[in-house]
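Okay, so here's the structure we're looking at.
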Amino acid sequence: MTIKQELSNLIKEAILKLPLKEQDVPEIIIEKPRHKTHGDFATNAAFLLAKKLRASPYQISNKIVELLPTDSFVLEKVEIAGGGFINLFLTPSRFHQVLPQIEAEDTLFGTSKTKEGRVLVEFVSANPTGPLHIGHGRGAVYGDCLANIMTAVGYQVEREYYINDVGNQMQSLGRSLLIRYKQLQGDNVPLPENAYQGAYLIQLAKTLPAGAEDKGLDFFVQLAKEEILKEIRDDLARLGVKFNRWFSEESLYASGRVDETIRLLKQKSYAYEKDDAWWLASSGFGDDKDRVLVRETNVPTYLAGDIAYHRDKYDRGCDLLIDIWGADHHGYVDRMKAACAALDHNPDSLVILLYQLVNLLRDGKQVNMSTREGEFVTLKEVVDEVGPDAARFFFLMRDHNSHLDFDLELAKRHSTDNPVYYVQYAHARICSILREAAARKIEPLPAKKCQLNLLTVDNELEILTELAALPDDIINCANTFQVHHLTLYLQDLAALFHHYYNHNRIISQDRPLSLARLAMVNSIRIVIRNVLHLLGISAPEKM
RNA sequence: GCGCCCGUAGCUCAGCCGGACAGAGCAACGGCCUUCUAAGCCGUGGGUCGCAGGUUCGAAUCCUGCCGGGCGUGCCA
């Protein structure tokens with residue numbers, strides 16, 4: 001049980017003795033106050049009860065405090081302040097308990113089994129018509145990390161990439177490659193404006209032997225698709241982004257799942273015919289207007305395929321579908337949710353998370369990212385320049401709803417202002433201390449055998465609080481889908497450690513003290529490493 | 001026009017299911033290396049939380065309107 005859960009239970013038991021019925025007890029929120037003088041934790045429970053009990057928060061707080069157990073090993077002191085806040089001060093020994101726990105759970109510390117169910121995270125899903133750009137990188141890392149977090153709280157998680165390998169774009173891609181090939185053969189064929197302009201097709205065309213044009217357009221389509229997909233897989237692998245499955249849109253057509261889904265919608269009368277096309281009655285489910293499912297040419301739209309795909313995910317037994325899209329697709333959210341509702345699925349079981357655009361900067365100045373003529377900065381270029389660790393950390397630093405400035409020079413800098421190094425350095429520093437202890441023949445003891453009551457100086461208890469907060473923080477991330485809290489958590493923890501290191505000797509002549517401090521520092525190491533791994537970032541032992 | 005996101009210190013942002021004096025990093029200025037990694041630490045200054053109303057015992061946080069920035073608004077994918 002986490003400290004917060006423990007405190008929450010204590011408060012709740014007291015409230016029930018007020019007396020109050022179970023259903024009238026508000027959700028007890030235990031928060032960490034901004035100021036130390038307000039306790040290690042605090043709750044505003046009395047404010048929430050004031051109306052119901054027709055008493056002032058101050059009076060209610062007094063009653064609650066009277067009803068708290070006096071023989072608790074957790075609470076050292078309880079105060080009422082700020083007109084009704086209950087400020088809770090913990091015994092040092094409660095803080096110390098976290099160290100043996102971290103040691104015992106080791107790589108699992110921070111994880112919990114608080115959630116259950118099958119979650120499918122679909123992300124990236126970029127069209128295989130060109131290299132991934134930096135925006136895809138943000139979505140990739142966000143999705144990968146969110147999947148890690150969902151796994152860490154107990155969900156059974158699958159990660160998928162939906163390949164849009166159907167439609168005009170693939171034909172256009174094949175034609176573009178064919179033209180590039182002909183140009184290389186000396187033919188003076190112009191590349192149409194609507195063709196794919198990127199230089200990557202020239203590179204690919206160069207690998208083709210003479211006479212390749214005899215193999216027909218379809219050969220070029222398939223080749224371009226496969227080669228580009230291979231590059232995409234390589235780029236994502238380089239970034240440490242993992243998928244369980246690459247789901248081909250084409251396979252949905254081949255298996256008849258698209259037609260079947262359209263038939264089903266017709267049966268339910270959620271699809272109707274108008275102007276020689278078939279429409280989804282999505283406006284009945286909150287969309288602005290109805291959407292075409294099957295064109296007057298009798299070819300299904302992208303939407304039809306995507307609905308079949310989502311239906312497939314549900315049919316495979318997933319309880320929660322998470323889609324991660326770039327913000328430029330937000331206009332698509334309502335129709336997708338409408339489609340799921342039309343298929344009798346609870347719209348809340350489809351969560352669509354949008355991430356905002358990435359601004360690429362170099363020393364504070366915007367890097368030109370014109371997508372015209374394919375002149376964008378590719379993900380590969382960025383990862384090659386700053387490395388996967390820095391790239392991932394930077395992509396994860398901000399709320400996905402906020403625009404992200406990605407400064408290439410900052411990401412490479414080896415100094416305090418670069419948060420990646422700041423955090424990794426804390427980890428390496430601790431490893432170095434542990435090596436030094438070994439060199440001095442100081443054999444570390446398990447935390448429970450150390451005199452942990454020696455850990456009460458400076459910010460030691462603050463560090464322990466921070467360590468203990470991790471499981472709750474991860475659960476919070478899973479609930480809100482806000483991954484960036486973990487990068488902030490790491491920066492806070494690293495700052496606490498660096499401060500501590502600069503003001504206190506860990507290894508000293510005082511052996512019991514050294515052992516206790518080594519135990520604490522080792523727990524910090526475990527926690528930093530675990531969180532970095534959740535973020536998919538390495539935890540170097542030397543820097 | 002309509003829809004979504006953002007608007008907090010010079011810069012980049014956190015805080016936003018309402019709560020106690022609004023936080024951090026960077027930048028600026030000034031300190032700290034014969035002792036476990038100075039890729040570090042300490043100190044100083046810096047804010048009408050875009051504007052105007054409303055709800056509330058209490059609003060950066062909720063509601064309405066406005067202003068500014070970004071994105072979207074295909075029988076493309």
Side-chain angles (χ1 to χ4, degrees), chain A residues 27 29 31 33-35 37-38 42 44 47-48 50-51 56-57 81-85 87 125-127 129 164-170 172 194 249 275-279 288-289 291-303 305-306 326-334 354-357 359 361 364 397-405 407 410 413-426 428-437 439-440 442 479-480 484-485 487-488 491-492 494-495 497-508 514 517-518 521 542-543:
Chain A
E27 192 193 346
I29 295 170
E31 57 175 16
R34 261 198 291 270
H35 301 276
T37 53
H38 294 145
N44 66 345
F47 288 91
L48 305 175
K51 228 170 220 168
S56 76
F85 283 97
N87 295 336
S125 298
N127 296 343
T129 54
N164 306 135
D165 50 2
V166 169
N168 299 328
Q169 55 166 4
M170 297 313 297
S172 173
N194 61 0
E249 182 182 9
D275 303 334
D276 294 327
W278 281 89
W279 297 69
D288 293 343
K289 52 185 178 187
R291 309 288 173 176
V292 172
L293 283 173
V294 185
R295 286 174 268 244
E296 55 183 8
T297 56
N298 211 27
V299 178
T301 58
Y302 173 80
L303 177 63
D306 214 6
D328 51 342
H329 289 75
H330 83 256
Y332 202 78
V333 172
D334 285 346
L354 304 174
Y355 59 88
Q356 297 295 320
L357 300 186
N359 276 325
L361 307 176
M397 269 198 305
R398 304 280 175 244
D399 186 332
H400 61 272
N401 278 324
S402 293
H403 291 253
L404 171 67
D405 283 334
D407 194 313
L410 177 59
R413 214 168 291 157
H414 290 197
S415 59
T416 325
D417 47 348
N418 185 348
V420 197
Y421 287 93
Y422 185 75
V423 171
Q424 288 183 322
Y425 182 57
R429 214 177 206 185
I430 293 170
C431 291
S432 169
I433 295 166
L434 297 175
R435 283 192 297 270
E436 178 67 21
R440 296 193 199 178
I442 300 174
N479 286 335
T480 60
H484 70 286
H485 287 142
T487 62
L488 296 167
Q491 292 179 80
D492 287 346
F497 166 72
H498 286 309
H499 168 94
Y500 181 70
Y501 173 89
N502 273 276
H503 293 82
N504 302 281
R505 294 231 19 118
I506 288 139
I507 304 168
S508 64
S514 299
R517 288 183 170 178
L518 282 168
V521 157
K542 279 183 185 172
M543 283 172 82

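Here the structure is a predicted model, which is why all the values come from computation and not from measurement. Per chain, numbering begins at 1; letters A, B, ... match sequence-line order.
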Q) Within less than 4.0 Å of OP1 or OP2 of A38(B), is there a side-chain N or O belonging to R429(A)? A) yes
Q. If we call it a pair only when both distances are under 3.5 Å in a Watson-Crick or G-U wobble match, what pairs with C32(B)?
A. G40(B)
Q: If C16(B) has a Watson-Crick or G-U wobble mate with both distances under 3.5 Å, name it; if not, just say none.
A: none
Q) What's the shortest heavy-atom distance between R295(A) and A277(A), and which atoms? A) C-CB, 4.2 Å
Q) What are the two closest heavy atoms between D275(A) and E296(A), and how far apart are they? A) O-OE1, 3.7 Å
Q: Taking all heavy atoms of Y332(A) and all of Y302(A), pick out the closest pair and write down the distance.
A: OH-CD2, 3.2 Å
Q) C1' atom, G68(B) versus A28(B): distance in rounded Å? A) 29 Å
**Q.** Validation row: R398(A), Q356(A) side chains within 4.5 angstrom (heavy atoms)
**A.** no
Q) G25(B) pairs with which nucleotide, Watson-Crick or G-U wobble, both distances below 3.5 Å? A) C11(B)
Q: Could you give the distance separating C41(B) and C36(B) at their C1' atoms, to the nearest angstrom?
A: 15 Å
(Q) Without decimals, in angstroms, what is the distance between Q356(A) CD and G3(B) C1'? (A) 13 Å
Q | Criterion side-chain contact (heavy atoms from CB on, under 4.5 Å) on H38(A) and F85(A), from CA distance to verdict | A | CA-CA 9 Å; H38(A) 294 145; F85(A) 283 97; over 6 Å; no
Q) Which is true for N194(A) with a 4.0 Å heavy-atom rule: it touches a base, it touches only sugar-phosphate, or it touches nothing? A) nothing
Q. Applying a 3.5 Å limit to both distances, which nucleotide forms a Watson-Crick or G-U wobble pair with U56(B)?
A. none
Q | Ring centroids of F85(A) and A20(B) base under 5.5 Å with planes under 30° | A | yes
Q | For H330(A) against L354(A), the heavy-atom pair lying closest together | A | CB-CD1, 3.3 Å
Q.
Counting only side-chain heavy atoms from C-beta out, which of U35(B), C42(B), A20(B) sits nearest to R505(A)?
A. U35(B)
Q | Between G69(B) and G25(B) - C1' atom distance, rounded Å | A | 24 Å
Q | C49(B) and G23(B), which share atom name P, separated by this distance in whole Å | A | 14 Å
Q: Can you tell me, in whole Å, how much space there is between the C1' of C17(B) and that of A39(B)?
A: 40 Å
Q | Length of the CZ-C1' vector between R517(A) and C36(B), whole Å | A | 12 Å
Q) Contact class for L357(A) vs. all strands (heavy atom < 4.0 Å): base, sugar-phosphate, or nothing? A) sugar-phosphate
**Q.** Rounded P spacing from G53(B) to C16(B) in Å
**A.** 26 Å
Q) Rounded to the Å, how far apart are L404(A) CG and G69(B) P? A) 22 Å
Q) What does S402(A) touch in the nucleic acid at a heavy-atom separation under 4.0 angstrom: a base, only the sugar-phosphate, or nothing? A) sugar-phosphate
Q. Can you give one letter per nucleotide of nucleotides 72-77 of chain B, going 5' to 3': B for a protein heavy atom under 4.0 Å from the base, S for sugar-phosphate only, - for none?
A. S--BSB
(Q) At less than 4.0 Å, is any side-chain N or O atom of H499(A) found next to OP1 or OP2 of C42(B)? Yes or no. (A) yes
Q. OP1 or OP2 of G15(B) sitting under 4.0 Å from any side-chain N/O of H485(A)?
A. yes
**Q.** Value in whole Å for how far the P atom of G25(B) lies from CG of D405(A)
**A.** 20 Å
(Q) Go nucleotide by nucleotide along RNA chain B from the 5' end; which of A437(A) and M397(A) gets its closest nucleotide reached first? (A) M397(A)
(Q) Need the glycosidic conformation of C33(B): syn if within 90° of 0, anti if not. Which one? (A) syn
Q. Ignoring hydrogens and geometry, is there a side-chain-to-backbone donor-acceptor pair from S514(A) to S508(A) under 3.5 Å?
A. yes
(Q) Taking any heavy-atom pair under 4.0 Å as a contact, classify H38(A): base, sugar-phosphate, or nothing. (A) base
(Q) Can you measure Q424(A) atom CD to A39(B) atom C1' for me and round it to whole angstrom units? (A) 10 Å
Q) So what does N401(A) hit on the nucleic acid, given a heavy-atom distance under 4.0 Å: a base, only sugar-phosphate, or nothing? A) sugar-phosphate
Q) Is A439(A) touching bases, backbone alone, or none of the nucleic acid, heavy atoms closer than 4.0 Å? A) nothing
Q.
Can you give me the closest heavy-atom contact between E249(A) and D165(A), atom names plus distance?
A. N-OD1, 3.2 Å
Q) For G3(B), what is the paired nucleotide under Watson-Crick or G-U wobble rules, both distances under 3.5 Å? A) C71(B)
Q.
Please report the distance, rounded to the nearest Å, between NE2 in H400(A) and C1' in C71(B).
A. 15 Å
Q.
Tell me whether the side-chain N/O atoms of T37(A) come closer than 4.0 Å to OP1 or OP2 in C21(B).
A. no
Q: Look at all strands and tell whether I506(A) reaches a base, only sugar-phosphate, or nothing, counting heavy atoms closer than 4.0 Å.
A: base
Q | Base paired to U61(B) (Watson-Crick or G-U; both N/O distances under 3.5 angstrom) | A | none
Q) Does N87(A) make a side-chain donor-acceptor contact with the base of A20(B), cut-off 3.5 Å? A) yes
**Q.** Base paired to C66(B) (Watson-Crick or G-U; both N/O distances under 3.5 angstrom)
**A.** G50(B)
Q: Choose from A14(B), A38(B), A39(B) the nucleotide whose nearest atom is closest to any side-chain atom of Y501(A).
A: A38(B)
Q. Which value, in whole Å, describes the distance between the P atoms of nucleotides U48(B) and C11(B)?
A. 13 Å
Q. Taking the nucleotide of RNA chain B with the closest heavy atom to each, which residue, L48(A) or R398(A), is nearer the 5' end?
A. R398(A)
Q. In whole Å, what separates the C1' atom of G72(B) from that of A77(B)?
A. 15 Å
(Q) Rounded to whole Å, please give me the gap between NE2 in H484(A) and C1' in C16(B). (A) 11 Å
Q.
Assess the residue pair N164(A) and Q169(A) against the criterion (side chain to side chain donor-acceptor pair (under 3.5 Å)); give the C-alpha distance rounded to whole Å, side-chain angles, the decisive distance to 0.1 Å, and a yes or no.
A. CA-CA 9 Å; N164(A) 306 135; Q169(A) 55 166 4; 5.2 Å; no
**Q.** Parallel, tilted or perpendicular: rings of H499(A) and H503(A) (30°, 60°)
**A.** parallel
(Q) Give me the atom names and distance for the closest heavy-atom approach of A495(A) to Y422(A). (A) CA-OH, 3.0 Å
(Q) Please report the distance, rounded to the nearest Å, between CD1 in I507(A) and C1' in C36(B). (A) 5 Å
Q | Closest to side chain of F47(A), choosing from U35(B), G19(B), G70(B) | A | G19(B)
